[in-house]
Amino acid sequence: MRKLMTLVLALLMIAGAAMGLAGCKDESKIVRVYNWGDYIDPDVTKDFEKETGYTVRYEMYETNEDLYTKLANSNASYDVIFPSDYMIERMVAEDMLAKIDMSHIENLKYIDKEFLSLGYDPNNEYSVPYMWGTLGILYNTKMVDGEIDSWSALWDEKYAGSIIMMYSQRDAIGAALKSLGYSLNSMDDQELQQAKDLLIEQSPLVLGYFMDETKDKMIAGEAALALVYAGDAVYCIDYNEDLTYIIPKEGSNIFYDAMCVPKNCKNMEGAEAFINFMCRPDIAARNADYIGYSSPSTAAREQMEDGNNPYAYPDLSKYKLEIFSTMGEKNKLYDVIWTEVLAKVGE
Ligand code: N2P
């Protein structure tokens with residue numbers, strides 16, 4: 001009996017050791033990536049794993065503010081994140097990002113110079129451009145009377161229940177500010193108050209505030225108009241030819257999303273390998289073709305099926321476009337306005 005028990009114990013120990021080995025991967029071979037939803041060709045991460053031997057742990061967020069909150073208020077650690085311009089500016093100011101050794105990003109040479117050293121990272125130390133785009137209105141030409149060219153369409157009572165707003169505070173408040181003729185970066189309390197009132201006034205007309213679900217709803221014809229990023233418009237128009245996209249005449253936002261490394265990353269080498277891979281023209285081309293957003297790499301665009309899509313690559317000189325900058329002291333006011341607006345939509 002004792003012999004049998006010794007054997008069982010020995011077997012248990014071997015099994016335990018094997019499980020331990022399987023459960024505990026070499027940390028230096030793991031790259032933790034935190035990206036927006038629907039913002040990559042999933043096969044690209046698989047190819048990265050095959051080519052480099054790294055394992056990608058991939059998680060997604062919906063907005064810049066969700067990303068910020070996760071990083072600022074939890075112990076979560078990621079190696080690569082994808083904030084937009086104004087959020088990069090805020091994270092640099094709050095010492096949340098690590099400098100990237102750009103000499104390790106060999107494929108940075110394929111990124112067009114005009115996308116480097118922009119205002120949010122003037123010395124090009126913290127960010128590597130990923131995608132860019134504009135904010136505008138996607139609408140269904142069969143559900144809307146005539147052509148639309150103004151933000152006011154999102155406040156038109158004719159379309160009550162058929163208007164989708166974006167679940168993103170800067171974009172929603174930005175659309176309201178622009179339709180009032182103000183800057184997207186207004187720090188004026190009264191202007192911000194008016195923008196809030198305008199969103200509250202609009203709330204009975206709104207089908208909902210959505211992010212990635214907007215695409216399915218617009219493709220299915222469930223709403224007539226939606227506040228979207230151009231990349232999502234490109235994706236939807238591909239599936240439903242009744243849809244079209246405009247940048248309103250009052251002006252709008254142009255955004256730049258880039259790859260960054262949080263200060264508490266655990267694998268800088270893996271982060272650099274991932275970022276470098278994403279800049280390789282064939283990989284950048286596959287990503288941009290898959291998601292519909294605009295690539296900052298001419299070398300990638302030359303390899304794309306949709307590298308000259310008119311909605312993704314408009315003549316920018318025709319539009320009044322502003323880049324978001326961080327709000328500093330006014331970030332709290334934005335949060336308050338946002339909570340009040342969302343509470344009204346739920347009513
Ligand atoms: C993709 C979101 C893209 C982010 N679902 C635009 N800044």
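Ligands are counted one by one from 1 in listed order, and the atoms in each one are counted from 1 as well. All heavy atoms count here, side chains included; hydrogens, waters and symmetry mates do not.
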(message) If the test is side-chain hydrogen bond (donor to acceptor under 3.5 Å, both in side chains), which one of Asn287, Asp38, Asp232 qualifies with Tyr293?
(response) Asp232

(request) Decide whether the shortest distance between a heavy atom of Phe82 and an atom of ligand 1 is less than 4.0 Å. (result) no

(request) Just need the protein heavy atom nearest to atom 2 (C) of ligand 1, so name the residue and atom and give the distance. (result) Trp36 CE3, 3.5 Å

(request) Go through Tyr229 and Phe255 one step at a time and tell me if the ring-ring contact (aromatic ring centres under 6.0 Å, His included) criterion holds. (result) CA-CA 9 Å; Tyr229 302 125; Phe255 64 81; 5.1 Å; yes

(request) Using a cut-off of 6.0 Å, state whether more than 12 heavy atoms not belonging to Tyr58 lie near its atom OH. (result) yes

(request) Compute the centroid of each ring, for Phe210 and then for Tyr167, and state whether the two points are separated by less than 6.0 Å. (result) no

(request) Under the side chain to side chain donor-acceptor pair (under 3.5 Å) rule, what do Ser186 and Glu191 come out as? Steps first, then yes or no, please. (result) CA-CA 7 Å; Ser186 173; Glu191 292 180 4; 2.7 Å; yes

(message) Tell me if the aromatic rings of Trp36 and Tyr130 count as close, with their centers under 6.0 Å from one another.
(response) no

(request) Report yes if some N/O of Phe255 lies less than 3.5 Å from some N/O of ligand 1; otherwise report no. (result) no

(message) Please report whether ligand 1 has a polar contact with Asp257, defined as an N or O pair separated by less than 3.5 Å (distance criterion only).
(response) yes

(request) Check ligand 1 against Tyr293 and write out every atom of the ligand that is under 4.0 Å from a heavy-atom position of the residue. (result) 1 (C), 2 (C), 3 (C)

(message) Just checking Tyr120 against Tyr86, ring centres under 6.0 Å apart?
(response) no

(message) Please work out, at 4.0 Å between heavy atoms, whether the side chain, the backbone, both, or neither of Asp212 comes within that distance of ligand 1.
(response) side chain

(message) Which residue and atom name correspond to the protein heavy atom nearest atom 1 (C) of ligand 1, and how close is it?
(response) Gly37 O, 3.3 Å

(message) With nothing but distance in play, are any N or O atoms of Tyr229 less than 3.5 Å from an N or O of ligand 1?
(response) no

(request) Check each atom of ligand 1 against the heavy atoms of Ser84 and keep those under 4.0 Å away; list them by number with element. (result) 7 (N)

